[in-house]
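Every number for a ligand or one of its atoms is a count from 1 in the order of the listing. Counting begins at 1 with the first residue of the sequence. The model shown is predicted, which means the values in this text are computed figures rather than measured ones.
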Amino acid sequence: MNDLEELAINKEKLITLALEARAKAYAPYSHYAVGAALVTADGSVYQGCNIENASYGATNCAERTAIFRAVFDGHRQVAMIAIAGGMEGEEPTDYAYPCGICRQVLQEFGTKELRVIVAKSTEDYKEYGFEELLPFGFGGESIR
Ligand code: THU
């Protein structure tokens with residue numbers, strides 16, 4: 001189910017959706033705007049942005065916004081996620097890697113073959129297997 005053709009969305013489209021999602025970021029404190037777009041194993045696509053809070057710890061990252069939207073709609077298997085981040089009003093100048101909390105949430109809701117893309121643009125991106133980003137992750141199978 002992780003084959004991109006089966007998912008009916010290509011990487012460039014997912015990156016475009018992540019870049020688009022950055023425009024929705026609520027980041028009045030860091031001014032760092034992040035967008036994410038994911039496709040689930042059943043082909044559903046979700047976008048997310050970071051949502052900051054004056055109580056900084058209450059901030060939600062773009063990746064988790066997208067994942068939680070998917071889960072609320074009943075889609076618990078993320079097959080691929082694209083992430084783009086950079087200063088508000090600018091194109092990304094670096095690859096934005098998912099934070100530790102988002103990696104742990106992806107551990108919960110990613111397929112075994114989950115792919116993670118970090119993108120500056122549709123032409124300039126890197127792609128990883130999830131285990132490269134979170135080796136020896138702690139998951140539900142450990143406590144079942
Ligand atoms: N941020 C994300 O949205 N995703 C990450 O994986 C890392 C950080 C956001 C949180 C905060 O709004 C801003 O980037 C600066 O940390």
Quiz item: Is there a heavy atom in Pro98 that sits closer than 4.0 Å to ligand 1?
Solution: yes
Self-check item: Nearest-contact summary for atom 4 (N) of ligand 1 - protein heavy atom, Å
Solution: Glu63 OE1, 2.8 Å
Quiz item: More than 12 non-hydrogen atoms from neighbouring residues, nucleotides or ligands closer than 6.0 Å to CD on Glu20, yes or no?
Solution: yes
Practice problem: Please check if atom CD in Glu127 has more than 12 non-hydrogen atoms from other residues, nucleotides or ligands closer than 6.0 Å. | Solution: yes
Practice problem: Using a strict 4.0 Å cut-off to heavy atoms of Thr59, name the atoms of ligand 1 that fall inside it. | Solution: 10 (C), 11 (C), 12 (O)
Quiz item: N/O of Tyr32 under 3.5 Å from N/O of ligand 1, yes or no?
Solution: no
Quiz item: Nearest to atom 3 (O) of ligand 1, what protein heavy atom do you find, and at what distance?
Solution: Ala62 N, 2.9 Å
Quiz item: Strictly by modelled atom types, are Ser55 and Asn53 linked by a side-chain donor-acceptor pair under 3.5 Å?
Solution: no
Practice problem: Specify the protein heavy atom at minimum distance from atom 9 (C) of ligand 1: its residue, its atom name, and the distance to 0.1 Å. | Solution: Asn50 ND2, 3.6 Å
Quiz item: Of Arg64, Arg103, Gln104, which meets side-chain contact (heavy atoms from CB on, under 4.5 Å) against Pro98?
Solution: Arg103
Practice problem: Note the single closest protein heavy atom to atom 15 (C) of ligand 1, along with its residue, its atom name and the distance in Å. | Solution: Ser30 OG, 3.7 Å
Practice problem: Determine, step by step, whether His75 and Tyr46 satisfy the ring-ring contact (aromatic ring centres under 6.0 Å, His included) criterion, reporting the C-alpha distance in whole Å, the side-chain angles of both residues, the deciding distance to 0.1 Å, and the verdict. | Solution: CA-CA 10 Å; His75 307 285; Tyr46 287 88; 5.8 Å; yes
Exercise. Return the residue, atom name and 0.1 Å-rounded distance of the protein heavy atom closest to atom 13 (C) of ligand 1.
Key: Glu52 OE2, 3.5 Å
Quiz item: Just checking, any donor-acceptor pair under 3.5 angstrom between side chains of Ser30 and Glu52?
Solution: yes
Quiz item: Among protein heavy atoms, which sits nearest to atom 1 (N) of ligand 1, and what does the distance come to when rounded to 0.1 Å?
Solution: Cys61 SG, 3.6 Å
Quiz item: Within 45 degrees of the axis of the six-membered ring of Tyr95 and under 6.0 Å from its centre: does Lys120 put its NZ or CZ there?
Solution: yes
Exercise. Specify side chain, backbone, both or neither for Tyr97, according to which of its non-hydrogen atoms lie closer than 4.0 Å to ligand 1.
Key: backbone
